[in-house]
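A short worksheet on the structure shown next.
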2 protein chains.
Amino acid sequence: MYAAAQTSFQQADHVERTQISGPYLVAPYNAGREIYAEGDLIDKCYQVSTGAVSVYRLLPDGRRQVVSFHLPGEMFGFEAGSNHSFFAEAITETKLAVFGRRHMQERSRELLALALTGMARAQQHLLVIGRQCAVERVAAFLIDLCERQGGGRRLRLPMSRQDIADYLGLTTETVSRVVTKLKGRSVIALRDARTIDIVKPDALRALCN
Amino acid sequence: MYAAAQTSFQQADHVERTQISGPYLVAPYNAGREIYAEGDLIDKCYQVSTGAVSVYRLLPDGRRQVVSFHLPGEMFGFEAGSNHSFFAEAITETKLAVFGRRHMQERSRELLALALTGMARAQQHLLVIGRQCAVERVAAFLIDLCERQGGGRRLRLPMSRQDIADYLGLTTETVSRVVTKLKGRSVIALRDARTIDIVKPDALRALCN
DNA sequence: CGATAACTTGAAGGCTATCAAATGTTGTGG
DNA sequence: CCACAACATTTGATAGCCTTCAAGTTATCG
């Protein structure tokens, strides 16, 4: 099990063992590095230690849908069946706690809760993508990300406009235009493209419906 | 437990007990009848015996997103947390096998598999809604439904065009136009609005990308 | 058989995509 | 440290797909 885990992390610079709540590995990933690919065997799951991860799927012609982002503390990598249907990659410099199959079997109760919240997230996201306009989607995204980062007013985006667009079913141009519009209304302010201050939280929330 | 289940089915005409793989109730629902509502306590889960069910969510202004349909043999009703975030209703005359909380606890292993496939379905659907055009969405929907009904060439739609539209993030008019277009290309043929013959399965599959 | 709902079809407009280019940022080698 | 290349983001103009609004046609049910 761990031998298998290690061979697949041969590109990782430093592989260290820790033992906070059971044995696992902590592996570093450079920005853009693939964590697993569609078709890969499912034999571990992951918890983000630092950084951020995107899980996505591709169409033959290159269209991409990001189904989830994962921030520090969040788990991912569990799917139905024995092989992955999605790709996962590190968005930024990232460290992941890696759990083996044995750990997943021992903690199937917690895994159930994770699967249920994963299902809830995806279904909530269906409403956003299926029935909300561009402004509503971006507003919902910013609020969601803000809450998952602790709820402060300053928001750090680990992902690019393209990643956001592929998550929201939009284009980078549209995402950028919406951000500009929200900035114009002073709902948000940008320190730089990846750092957003939420100036009017209530106004932002109102935009989600 | 069963007392609680029974009180909530007082509108059901006939409530019968059966004992195929554990104790449960089989309750009939008229077309359009609500099974549970957003906010309701989660204390049972359901398996479609006959008929069909839709699970959906509403925005304050009435926009609706159907997150899943459930056909005979399929289970639904399990969600994260203690209260429902979604509505469920019978689409047609429907009979449901109802399982209590105790059953859910005893079968948490199977529930995990169900939650994982539910998550997979929702995430797959995200790709369809987020990145595919109207024709691709309808084609994917027809193929999915066809496979879930056994894979024959004749397809019976239990749901209305509005239900389909709310599932695919479109309008009834667009769904209707796409169906007309597919009929014009002889990819499908309609016996009536709810009964579709798949004339060219490969062509239909090709339309999904 | 009439009334109501479901479905289809048509015309026009709006939102977002596409294409294009400017501006800003990041990383690297000299 | 600067220059430059590569990339990310923003902004603009135009086009297309789908929605909206409206009306006609078909099915369903009492």
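Keep in mind that what you see is a predicted model, and the values were worked out from it rather than measured. Numbered from 1 within each chain, the chains take letters A, B, ... in sequence-line order. Side chains are part of it too, since the values below use all heavy atoms of this structure and drop only hydrogens, waters and symmetry mates.
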- Task: Applying salt bridge (charged side-chain N to carboxylate O under 4.0 Å, His left out), name anything that partners A:Arg161, two or more places apart in sequence or on another chain.
- Result: none
- Query: If you fit an axis to the five pairs at each end of the helix from C:dC1-D:dG30 to C:dG30-D:dC1, how big is the angle between those two axes, to 10 degrees?
  - Reply: 50°
- Message: Show me the pairs that pass side chain to side chain donor-acceptor pair (under 3.5 Å) and involve residues 189-199 of chain B, at least two apart or across chains.
- Response: B:Arg154-B:Asp197, B:Arg156-B:Thr195, B:Asp192-B:Thr195
- Considering only heavy atoms, which members of residues 154-161 of chain B lie under 4.0 Å from some atom of DNA chain C? B:Ser160, B:Arg161
- Message: With side chain to side chain donor-acceptor pair (under 3.5 Å) as the rule and sequence neighbours excluded, what pairs involving residues 74-83 of chain B come up?
- Response: B:Glu74-B:Arg148, B:Glu79-B:His84
- Query: Run the ring-ring contact (aromatic ring centres under 6.0 Å, His included) check on B:Tyr56 and B:Phe86 step by step: do they pass?
  - Reply: CA-CA 6 Å; B:Tyr56 60 92; B:Phe86 299 89; 9.0 Å; no
- Message: With heavy-atom distances below 4.5 Å as the criterion, would you say the side chains of A:Arg177 and A:Thr171 are in contact?
- Response: no
Output side-chain donor-acceptor pairs under 3.5 Å for residues 201-209 of chain B, partner residues at least two apart or in another chain, one line each.
unit_1: B:Asn209; atom_1: ND2; unit_2: B:Glu136; atom_2: OE2; d: 2.4

- Are side-chain N/O atoms of B:Tyr36 and B:Glu89 paired as donor and acceptor at under 3.5 Å? no
- Item | B:Arg194 side-chain N/O to D:dA27 phosphate OP1/OP2 under 4.0 Å | no
- Message: Angle between ring planes, B:His70 versus B:Phe76, binned at 30° and 60°: parallel, tilted or perpendicular?
- Response: parallel
- Query: Picking from D:dC18, C:dT8, C:dT16, which would you name as closest to the side chain of B:Leu170?
  - Reply: D:dC18
- Protein-nucleotide distance (A:Arg191, atom CZ; D:dT9, atom C1'), rounded to Å: 18 Å
- Can you list, by residue number, the residues of residues 130-140 of chain A that have a non-hydrogen atom closer than 4.0 angstrom to DNA chain D? none
- Item | Whole-Å distance separating the CD atom of B:Glu93 from the C1' atom of D:dT28 | 15 Å
- Taking atom P of D:dT26 as reference, at what distance in whole Å does atom NZ of B:Lys183 sit? 11 Å
- Please test B:Gln65 against A:Ile129 for side-chain contact (heavy atoms from CB on, under 4.5 Å), starting from the C-alpha separation and ending with a verdict. CA-CA 10 Å; B:Gln65 177 66 45; A:Ile129 286 186; over 6 Å; no
- Item | Sidechain-backbone polar pair: B:Thr174 side chain, B:Thr172 backbone, donor-acceptor under 3.5 Å | no
- Item | Pairs flagged by side chain to side chain donor-acceptor pair (under 3.5 Å) wherever residues 114-125 of chain A is involved - sequence neighbours left out | A:Gln124-B:Arg57
- Task: Tell me, please, which residues at least two apart from A:Arg131 pass salt bridge (charged side-chain N to carboxylate O under 4.0 Å, His left out).
- Result: B:Asp166
- What integer distance in Å separates B:Leu190:CG from C:dA6:P? 18 Å
- Query: Between A:Asp192 (CG) and C:dT23 (C1'), how many Å, whole number?
  - Reply: 15 Å
- Task: Can you sort out the partners of B:Glu110 under salt bridge (charged side-chain N to carboxylate O under 4.0 Å, His left out), two or more places apart, ordered by chain and number?
- Result: B:Arg107
- Rounded distance in Å - NZ (A:Lys181) to C1' (D:dG12): 15 Å
- Query: Side chains of A:Phe141 and A:Ile164: does their closest heavy-atom pair fall under 4.5 Å?
  - Reply: yes
- Item | Side chain to side chain, B:Ile198 and B:Ile143, heavy atoms closer than 4.5 Å | no
- Query: Within less than 4.0 Å of OP1 or OP2 of C:dT9, is there a side-chain N or O belonging to B:Thr180?
  - Reply: yes
- Item | Rounded distance in Å - CG (A:Leu168) to P (C:dC15) | 18 Å
Pairs under 3.5 angstrom, nitrogen or oxygen only, protein versus nucleotides 20-24 of chain D, please.
unit_1: D:dT20; atom_1: O4; unit_2: B:Arg177; atom_2: NH2; d: 2.8
unit_1: D:dC21; atom_1: N4; unit_2: B:Glu173; atom_2: OE2; d: 3.1

- Query: Looking at residues 52-65 of chain A, who's got a heavy atom less than 4.0 Å off DNA chain C?
  - Reply: none
- Would you confirm whether B:Thr92, through its side chain, and B:Gly51, through its main-chain N or O, come within 3.5 Å as a donor-acceptor pair? no
